[in-house]
Protein chains: 2
Amino acid sequence: MKLAPLQQEFVLHFGEMGSRWGINRTVGQIYALLFLSAEPLNADQITEGLGISRSNTSMGLKELQSWNLVRLRHVPGDRREYFTTPEDMWEITRILIAERKKREIDPTLTKLRELEMSGRAGDDYAEARIAELREMIELMTGFYNDMEKLETERLVKLMTLGSKIAGLIDKTSGALTLGRRKETK
Amino acid sequence: MKLAPLQQEFVLHFGEMGSRWGINRTVGQIYALLFLSAEPLNADQITEGLGISRSNTSMGLKELQSWNLVRLRHVPGDRREYFTTPEDMWEITRILIAERKKREIDPTLTKLRELEMSGRAGDDYAEARIAELREMIELMTGFYNDMEKLETERLVKLMTLGSKIAGLIDKTSGALTLGRRKETK
DNA sequence: CAGAAATTTCAGTAATTTCTGAAATTCATA
DNA sequence: TATGAATTTCAGAAATTACTGAAATTTCTG
């Protein structure tokens, strides 16, 4: 399978970005190929399309499954396994954020709490710093947990409003500003 | 300089997490050491504290400077350079988000726009998929640009409110729901 | 349930990244 | 502006990560 120029360039880009995103080149490329493919692909098609070894494809697909980024499909009358990425862009986005949080943030939050509990010897400044960092992560992950629960429709609206949202918040009290906008001249 | 147990464990953790965060072990460790240090440290102190080579320290500090994560300080009567991390946890957070967006998201947004402009041959599905991805990134970065402009105080309040914010949005219109809460039974 | 197809595992190799020590350069001040 | 301290650069070594091909295992199907 020879890739179309569009796929080719997209696949190469994902391969290059892979290392910045915490995956390796082939994992990035496999994902890119599946993402653009209208039909599910099997491991041999991926192997041929990317010019890599069959075993590398197998490992890459396992990695993508551990990220929950690909879905397994079965084609009637074909015993091979086929793979796709979710159709819904929001589903993909939610998964990506959840998985990166799990890998990049959660372990540190756990470690910080352990350090605070265990009473390891350290100066006051260091202890205060660790507490500050933990609080920041808690604020961020707390907000994330709230947002993540919202239906996509509401999330889109909220994000589209952007900073208009902030105008609603009374700066001094932290409470929501009630009553209509524009009426308080 | 022998590190206190608290610093030791924190430094090791940052070293291990480094690769997931897109930096290498020593860069993570240098940052961790500076983050917990009440006083600015010079390169020799870092070198000794972490047990690494002087040149590695130099390269690590350069990397941290390219991330804008450390500040240069000069101590009167000492010609060596001293380094600190910003005191303000929010400053650190804002920088981290901005830098990761710059490295991990912006290049892809640019590439997607190029692909759409250049009219590379590709099937309809792939083109639609690329457009969808670009739109998602634009929605996210647009929201980020709005939030990033807010004063910290407002941002904290917004994040603390969390999903209460979403209740304000009228689901069907996308407009803000005006009038008092709780009054529309 | 035997055989073949599909998939996974894994040891060895290749590629890449990180780190070091020595040399070169920069910088401050006497 | 010459000197020595501080810092950076960089080629090679070490460590880590990625990839391959062959063998092992699993999974279907006749």
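Just so it is clear: chains get the letters A, B, ... in the order the sequence lines come, proteins before strands, and each one is counted from 1. Hydrogens, waters and symmetry mates play no part in the numbers below; they use all other heavy atoms, side chains included.
Between Glu63(A) and Asn24(A), the side chains place no donor N or O within less than 3.5 Å of an acceptor N or O (distance only, hydrogens not considered).
For the side chain to side chain contact (heavy atoms under 4.5 Å, CB included) with Leu155(B), the qualifying choice from Arg94(B), Glu148(B), Lys149(B) is Arg94(B), the only one to do so.
At a threshold of 4.0 Å, the pair Arg154(A)-Glu151(A) counts as salt-bridged, since one of the basic side-chain nitrogens sits closer than that to a carboxylate oxygen. Checked for salt-bridge contact, Glu127(B) and Arg120(B) miss the test: no charged N lies under 4.0 Å from a carboxylate O. Looking at Glu116(A) and Arg134(A), a side-chain N of the basic residue comes within less than 4.0 Å of a carboxylate O on the acidic one, giving a salt bridge. Look at Glu91(A) and Arg71(A) and you find a salt bridge, because one of the NZ, NE, NH1 or NH2 atoms lies within 4.0 Å of a carboxylate O, short of that distance. Between Glu16(A) and Lys111(B) no salt bridge is recorded (no basic side-chain N to carboxylate O distance below 4.0 Å).
Axis deviation across the helix from dC1(C)-dG30(D) to dA30(C)-dT1(D) amounts to 30°, comparing end segments of five pairs, rounded to 10 degrees.
Within residues 15-26 of chain B, the residues having any heavy atom closer than 4.0 Å to DNA chain C are, in order of number, Asn24(B), Arg25(B), Thr26(B).
For Asp106(B), the salt bridge (charged side-chain N to carboxylate O under 4.0 Å, His left out) partners are Lys101(B), not counting sequence neighbours. For Arg80(A), the salt bridge (charged side-chain N to carboxylate O under 4.0 Å, His left out) criterion is met by Asp78(A), not counting sequence neighbours.
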## Note on the structure
Contact string for nucleotides 5-10 of chain C, one letter per nucleotide 5' to 3', B = base within protein heavy-atom range under 4.0 Å, S = sugar-phosphate only, - = neither, reads BSSBB-
Name each donor-acceptor pair under 3.5 Å that joins a side chain in residues 29-39 of chain A to protein atoms two or more places apart or in another chain, with its distance.
| unit_1 | atom_1 | unit_2 | atom_2 | d |
| --- | --- | --- | --- | --- |
| Ser37(A) | OG | Glu39(A) | N | 3.4 |
| Ser37(A) | OG | Glu39(A) | O | 2.4 |

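Between the CD atom of Glu63(A) and the C1' atom of dT17(D) there is a distance of 12 Å, rounded to whole Å.
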